[in-house]
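All values below were derived from every heavy atom in this structure, side-chain atoms included, with hydrogens, water molecules and symmetry-related copies excluded. Since this is a predicted model, take the numbers as computed values, not measurements.
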Amino acid sequence: MSGPAFSLCVYCGSRPGAQPAFAEAARAVGRWIGERGGQLVYGGGRNGLMGLVADSTLQAGGRVVGVIPKALVEKEWAHHGCSELHVVDTMHERKRLMAEHADAFLALPGGIGTFEEFFEVWTWRQLGYHDKPVGLLNVDGYYDGLMAFLRTGVQAQFMGDWQMDLIRVSPDAQALLPELVQSAGLAPAPRLDAI
């Protein structure tokens with residue numbers, strides 16, 4: 001049996017959020033991964049956007065690798081329907097294992113955990129610890145304020161434009177997802193529709 005066509009690590013909220021567009025985006029991302037024979041790597045939870053993206057990937061025929069700390073399993077937050085569920089001791093181990101299993105990274109709307117994971121893989125990219133694409137799905141303008149703040153960091157010369165160029169930001173999952181997979185070197189442009 002061959003492996004998945006690609007493996008996308010998705011960071012997102014353990015809550016559904018206030019706007020229906022957030023849940024719709026999580027479902028759309030999961031469907032896109034599953035329909036193209038891909039694998040979702042995520043934090044292993046069953047609640048909020050996390051559960052929606054996992055369920056949608058599974059329903060569309062994709063594989064789901066969840067990585068969750070033991071403390072969250074004990075709170076009964078684990079998604080036991082994952083293709084693989086790795087229970088780890090620490091958050092650091094969780095993030096390392098998720099990064100190792102991923103070809104690319106995508107952040108959907110979420111809270112401080114999502115922010116922290118997104119900034120960490122972006123930092124790792126700028127430092128050369130990995131060369132995997134990093135994307136931000138700006139659903140319903142959720143990340144508009146963050147993007148404005150980041151541009152302030154560039155203007156204040158704490159960051160450079162080259163650092164901003166390391167992330168791909170789009171409000172459109174159907175445009176962003178193929179770009180991430182192609183940038184990971186897993187499918188040339190003419191084959192994107194085939195995966």
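Residue Leu127 qualifies as enclosed at atom CG: its count of foreign heavy atoms under 6.0 Å is above 12. Atom CD of Gln157 has 12 or fewer heavy atoms from other residues, nucleotides or ligands within 6.0 Å. The number of heavy atoms from other shown groups lying within 6.0 Å of CZ (Phe115) is above 12.
With sequence neighbours excluded, the residues that form a ring pair (Phe, Tyr, Trp, His ring centres under 6.0 Å) with Phe119 are Trp122. Shown here are the salt bridge (charged side-chain N to carboxylate O under 4.0 Å, His left out) partners of Glu24, two or more places apart in sequence or in another chain: there are none. A search for ring pair (Phe, Tyr, Trp, His ring centres under 6.0 Å) contacts involving Phe22 returns Tyr142, not counting sequence neighbours. Every residue two or more places apart in sequence or in another chain that forms a salt bridge (charged side-chain N to carboxylate O under 4.0 Å, His left out) with Asp89 is listed here: Lys70. The salt bridge (charged side-chain N to carboxylate O under 4.0 Å, His left out) search around Arg96 returns Glu100, not counting sequence neighbours. A search for side chain to side chain contact (heavy atoms under 4.5 Å, CB included) contacts involving Val169 returns Leu136, Asn138, Met147, Ile167, not counting sequence neighbours. Partners of Gln59 by side chain to side chain donor-acceptor pair (under 3.5 Å), not counting sequence neighbours: none found. Here His79 pairs with nothing under the ring pair (Phe, Tyr, Trp, His ring centres under 6.0 Å) rule; sequence neighbours left out.
Between the side chain of Arg46 and the backbone N or O of Glu76, at least one donor-acceptor pair lies under 3.5 Å.
Residues in residues 106-117 take part in these salt bridge (charged side-chain N to carboxylate O under 4.0 Å, His left out) pairs, two or more places apart or across chains: Lys95-Glu116. Listed by first and then second residue, the salt bridge (charged side-chain N to carboxylate O under 4.0 Å, His left out) pairs that reach into residues 154-173 are Arg168-Glu179, sequence neighbours excluded. Among pairs with a residue in residues 129-142, those fulfilling salt bridge (charged side-chain N to carboxylate O under 4.0 Å, His left out) read Arg125-Asp131, at least two apart in sequence or across chains.
In this structure the side chain of Val181 never reaches within 4.5 angstrom of the side chain of Asp103, judged on heavy atoms.
Between Phe6 and Trp32, the ring planes are tilted. Angles from 30° to 60° get that label.
Grouped by direct or indirect side-chain proximity (heavy atoms under 4.5 Å, Ile/Leu/Val/Met/Phe/Trp/Tyr only), Val87 sits with Ile68, Leu72, Val73, Trp77, Leu85.
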